[in-house]
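Working notes, beginning with the structure itself.
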Amino acid sequence: MTLKVYNTLTGEKEGFLPLRKDRVRMYVCGVTVYDDCHLGHARCYVAFDAIYRYLKYKGYRVKYVQNITDVDDKIITRAREEKDQGSRSLKALVREVAQRYTKEYFKWMDYLKVKRAALYPKATEHIGDMLKLIQRLLDEGYAYEVDGDVYFDISKFPSYGKLSGRSIDEMRAGARVEVDERKKNPLDFALWKRAKEGEPSWNSPWGEGRPGWHIECSAMSMKYLGESFDIHGGGEDLIFPHHENEIAQSESYSGKPFVKYWLHNGFVTTRGEKMSKSLGNIFTLKELFQEFPDPEITRLFLLSMHYRSPIDFTKEKLVEMEKHLSHFYNLLDFILQIVKGKLSKRRIDPESLSKEEKGLYQEIQKTDKEFDQAMDDDFNTARALASLDSLVKVANTLKDNPKVGRNKALLSKVYRLLKEKGEILGFFEGHCWKEMIRVPDREEIESLIAQRDRARQEKDWGLADRIRSDLKKRGIILEDHPEGTTWKKIKKSCPII
RNA sequence: GGCGGCGUACCCAAGUGGUUAAGGGAGCGGUCUGCAAAACCGUUAUUCAUCGGUUCGAUUCCGAUCGCCGCCUCCA
C-alpha cells in the first residue's frame with residue numbers, strides 16, 4: 001500500500017516518495033514562545049504527531065525537527081509589559097519570557113502525548129547560521145541593505161508565489177500593507193532588522209540587529225535536514241507569507257528545491273470563527289484540561305476530523321468525545337479483566353474457529369487493513385478511527401456470547417490490534433494492564449467488590465448499592481456481567497495544573 | 001478587490017461516476033439486568049445548499065447562483 005499526501009505546492013494528493021529511500025526528513029514550524037498554549041497549537045502539533053507516528057509505523061526512519069522562535073516582536077512586547085515591576089533589563093526579561101513559555105509548551109505537549117521531535121533548535125542559538133545565509137543572499141544579489149535593515153528582493157525570485165498560488169501582480173494590487181518607501185517592492189521582506197534601543201540584538205556586518213522571522217526556519221531546517229528535504233508542515237496561515245518567503249530565501253541560497261511536500265493543517269474555530277487573540281475566543285489548554293482532564297479526549301476531538309479541514313470547537317463536542325472514547329476503554333477493560341490481565345499468546349488457527357469466532361477473526365483482519373488504508377490516504381484519521389469503531393462493535397456483539405467470549409486468544413488479538421492502531425494516533429496509552437494493576441487502592445477496591453458480590457448473592461440490595469455508590473464517589477464505576485463484576489476508574493483531574 | 005476552501009440526517013462527520021450514502025453523539029422503541037452501568041437489536045437522509053450542463057447514469061466532474069469560512073497584516 002502506498003501513502004498519498006496532499007501537497008500544498010501542487011494542490012494535489014501525490015504518492016509519497018522520500019528523497020532518500022526509507023528516510024524522511026520533516027520540519028514543522030514550532031511556536032513563538034510568548035503566551036499560553038491553546039487549542040490551535042494542540043491541533044497543529046497533534047496532527048503532525050499522528051503523521052510522525054504513522055510514518056514511523058510505515059517503517060521510515062524519520063528525522064523530525066521543530067523550531068522554537070525565542071526572539072521576536074511579540075516576545076519583546078510581552079517582556080515590556082512585565083518590565084515595570086523589576087529593574088532587570090529588557091534583554092533579560094525577553095530571555096525569561098521565552099524560557100517560561102518554552103517550558104509551558106513542552107509541559108502541555110507532553111501531557112497531550114505529543115511525541116518529542118528529534119531536535120528543537122532555538123532561533124537565538126542560530127544567529128550565526130542566519131548571518132551566513134543572509135550574507136550569501138546579499139552577495140548574490142538576492143537581497144539589499146537599507147540603513148541596517150536587510151530585505152529580500154522578491155523580484156529576483158521569479159517563482160515567488162508558487163506555494164500560495166498567487167502572482168506578484170495580484171498581491172501588489174491587493175496589498176493592504178503599509179508601504180515602506182525604503183523597500184524596492186512592497187512585498188520584499190526583512191531578513192535582518194536593525195536593533196531598537198534596549199531590545200535584544202546581535203552584531204552583524206550591517207550593524208546591531210536581530211533576524212527577521214522567516215530566515216530562522218530556512219537556516220535551521222537546512223542546517224539539520226539539508227538543503228532539500230521531504231516534509232515541511234505548519235498551520236495553513238503560514239502558507240503566506242511565511243512559507244512562501246522561506247522558499248524564496250532557501251532556494252535562492254541553495255539553488256535547489258527546498259521542500260518536496262508542504263503539509264498544512266486547518267484551523268480551530270469557535271462558533272465558526274477562527275480562534276484568535278483579537279477575537280478573544282481562545283481556549284487555552286489549561287482551561288480545557290481543567291474541565292476535560294483526559295488528554296485523549298482532546299486528541300480524539302482533534303483527530304476525529306481530517307487534519308486539513310477546519311474544526312469547530314464546542315464543549316459539547318468534548319462531552320461526545322468522552323463518550324466515544326469510553327467505548328474503546330469499556331471493551332479494553334472488559335477484555336483485560338476476562339483474561340485476568342494476561343493476554344493470550346496462543347496462535348489462532350482460523351480453521352478451528354466456530355462461525356461466530358470466525359466473524360470476529362475476519363473483522364480483525366479487515367480493521368487492520370482498513371485502518372492503514374485510511375491513514376495512507378493523506379492521513380485520514382477520521383476514517384481510521386471509524387475502522388476501529390466497527391471492530392469494537394463486532395467484538396461487543398460477540399463478547400457475551402460464550403462461544404466467543406471465552407476465546408481468550410481471539411479477544412487478546414482484538415486488544416492488541418486496538419492498542420497497536422491506537423498508538424499510532426496516541427490513544428489507549430494510559431491503558432495497559434500493568435497500569436491498571438498499579439492503581440494504588442486496587443486491592444481494597446477488589447475486596448469491596450467481593451463484599452458486594454456476597455451481598456448480591458444474599459439479595460442484600462441495600463448494602464450492594466451502597467458499596468457501588470461509595471465507589472462511584474471515588475471515581476470507580478462497576479459493571480456486572482454474567483462472568484462477574486468489572487470495574488474502571490474515571491480520571492477526575494489533570495495532575496499538572 | 002485577488003487567491004483558496006467548505007455547504008452530506010437533530011448535531012458532528014467520512015465518502016464514492018452506477019447494486020444498501022461510513023462512523024460517532026443525541027432521540028425514540030426494545031433486549032439483557034434485582035436495580036444500575038455497559039452492551040446489543042430496531043428506528044431517525046428515496047437523499048448529499050440551489051439551478052443548469054456533460055454522461056446511459058452525478059452527491060461525486062463542469063458552470064452559475066446563494067450562504068459560510070480562511071489567507072492577502074502578527075497568528076498553529
Side-chain angles (χ1 to χ4, degrees), chain A residues 8 11 28-32 34-35 37-48 72-74 77 161 164-167 169-178 187 213 233-242 244 264-269 272-279 282 300-301 304-306 308-312 314 316-327 329-331 333-334 370 374 377 380-390 392-401 456 459-462 464-465 468-469 472 477-482 485-488:
Chain A
T8 308
V28 173
C29 284
V31 275
T32 301
Y34 73 105
D35 210 345
C37 284
H38 55 75
L39 239 195
H41 297 113
R43 152 85 131 166
C44 175
Y45 302 111
V46 166
F48 283 100
D72 115 311
D73 291 339
K74 294 187 293 298
T77 304
S164 51
R166 15 184 132 196
S167 73
D169 290 340
E170 276 165 7
M171 285 186 281
R172 195 178 286 137
R176 288 168 14 197
V177 218
E178 257 182 68
L187 293 163
W213 174 37
E236 66 180 2
D237 58 332
L238 298 181
I239 295 171
F240 191 89
H242 185 54
E244 198 71 72
H264 294 97
N265 64 275
F267 275 110
V268 179
T269 59
E273 282 178 313
K274 180 180 168 182
M275 233 182 229
S276 76
K277 288 257 157 69
S278 45
L279 288 169
I282 282 181
L300 186 60
F301 167 65
S304 288
M305 269 145 271
H306 187 91
R308 283 191 285 118
S309 310
I311 178 170
D312 197 60
T314 59
E316 290 71 29
K317 279 187 196 160
L318 289 195
V319 174
E320 281 183 20
M321 295 304 150
E322 193 166 15
K323 288 176 187 159
H324 189 180
L325 190 62
S326 72
H327 287 181
Y329 276 103
N330 286 335
L331 178 63
D333 275 318
F334 175 83
E370 285 183 351
D377 185 11
N380 194 329
T381 54
R383 220 167 77 210
L385 244 8
S387 75
L388 298 186
D389 283 325
S390 75
V392 170
K393 178 112 171 176
V394 173
N396 276 334
T397 309
L398 298 174
K399 77 179 186 190
D400 285 328
N401 180 332
R456 289 176 69 214
K459 298 202 191 302
D460 184 354
W461 311 125
D465 290 352
R468 184 169 64 194
S469 74
K472 194 177 176 185
I477 305 291
L478 302 188
E479 290 170 21
D480 298 326
H481 301 278
T485 300
T486 60
W487 58 277
K488 61 184 177 181

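Treat the numbers as computed from the prediction; the structure is a model and nothing was measured. Note: hydrogens, waters and symmetry copies are ignored here, and every other heavy atom, side chains too, is used.
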Next on the checklist: In this structure, how many angstroms lie between the P atom of B:G25 and the NE2 atom of A:H324, rounded?
Outcome noted: 6 Å
Checklist entry - In whole angstroms, how far is the C1' atom of B:A14 from the CZ atom of A:R383? => result 8 Å
Item to check | Length of the CG-P vector between A:L238 and B:C3, whole Å | outcome: 22 Å
Item to check | 5'-most by nearest nucleotide on RNA chain B - A:G272 or A:R456 | outcome: A:R456
Checklist entry - On a whole-Å scale, what distance lies between the P atoms belonging to B:A37 and B:G25? => result 16 Å
Checklist outcome for this item: Output field dot_bracket for RNA chain B (Watson-Crick or G-U, both distances under 3.5 Å, | for other-strand pairs) contains (((((((..(((.....[....)))((((((.......))))))....(((((..]....))))))))))))....
Item to check | Interatomic distance at C1', B:C6 relative to B:A14, whole Å | outcome: 15 Å
Next on the checklist: So A:K459, base contact, sugar-phosphate only, or nothing? Heavy-atom distance under 4.0 Å.
Outcome noted: nothing
Item to check | Heavy-atom side-chain proximity of A:N396 to A:L331 below 4.5 angstrom | outcome: yes
Checklist entry - Within 45 degrees of the axis of the six-membered ring of A:F301 and under 6.0 Å from its centre: does A:K317 put its NZ or CZ there? => result no
Checklist entry - Quick one: A:W213 CH2 to B:C75 P, roughly how many Å, whole number? => result 3 Å
Checklist entry - What pairs with A:H324 under ring-ring contact (aromatic ring centres under 6.0 Å, His included), at least two apart in sequence or on another chain? => result A:F328
Next on the checklist: Tell me whether the side-chain N or O atoms of A:K274 pair up with the base of B:C75 as donor and acceptor below 3.5 Å, since no angle test is needed here.
Outcome noted: yes
Item to check | Side-chain-base donor-acceptor pair under 3.5 Å for A:D465 and B:G34 | outcome: yes
Next on the checklist: Whether A:N380 contacts B:G15 is assessed here as follows: a side-chain N or O lying under 4.0 Å from the phosphate OP1 or OP2. Is that the case?
Outcome noted: yes
Item to check | Length of the line joining A:D460:CG and B:C35:C1', which is rounded to integer Å | outcome: 14 Å
Next on the checklist: If you define the side chain from C-beta out and look only at heavy atoms, does anything of A:E479 sit under 4.5 Å from A:N330?
Outcome noted: yes
Checklist entry - If you measure from the C1' atom in B:G52 to the same atom in B:A9, how many Å do you get, rounded? => result 26 Å
Next on the checklist: Test side-chain contact (heavy atoms from CB on, under 4.5 Å) on A:R456 and A:T485; report intermediate values, then the result.
Outcome noted: CA-CA 11 Å; A:R456 289 176 69 214; A:T485 300; 3.8 Å; yes
Checklist entry - In whole Å, what separates the C1' atom of B:G29 from that of B:G15? => result 30 Å
Checklist entry - Planes under 30° and centres closer than 5.5 Å, is that true for A:F267 with the base of B:G70? => result no
Checklist entry - Do A:K399 and A:F334 meet the cation-pi criteria used here (NZ or CZ under 6.0 Å from the six-membered ring centre, within 45° of the axis)? => result yes
Next on the checklist: For a quick check, tell me whether the side chain of A:D312 and the base of B:C69 share a donor-acceptor pair closer than 3.5 Å.
Outcome noted: no
Next on the checklist: Work out how far the C1' atom of B:U8 is from that of B:C3, and round it to whole angstrom.
Outcome noted: 26 Å
Checklist entry - Nearest-Å distance, NE2 (A:H327) to P (B:A26)? => result 7 Å
Item to check | Within-4.5 Å side-chain heavy-atom neighbours: A:D72 and A:W213 | outcome: no
Checklist outcome for this item: Separation of B:A37 atom P from A:D333 atom CG, nearest Å, is 18 Å
Item to check | Whole-angstrom distance between B:U59 and B:C48, as gauged at atom P | outcome: 6 Å
Item to check | Within-4.5 Å side-chain heavy-atom neighbours: A:L300 and A:L385 | outcome: yes
Item to check | B:U19 versus B:A76 - spacing of their C1' atoms, nearest Å | outcome: 45 Å
Checklist entry - Atom CD1 of A:I282 to atom P of B:A76: distance rounded to whole Å? => result 9 Å
Checklist entry - On a whole-Å scale, what distance lies between the C1' atoms belonging to B:C51 and B:C69? => result 23 Å
Checklist entry - With nearest nucleotides of RNA chain B determined for A:E316 and A:R308 from heavy-atom distances, which residue corresponds to the more 5′ nucleotide? => result A:R308
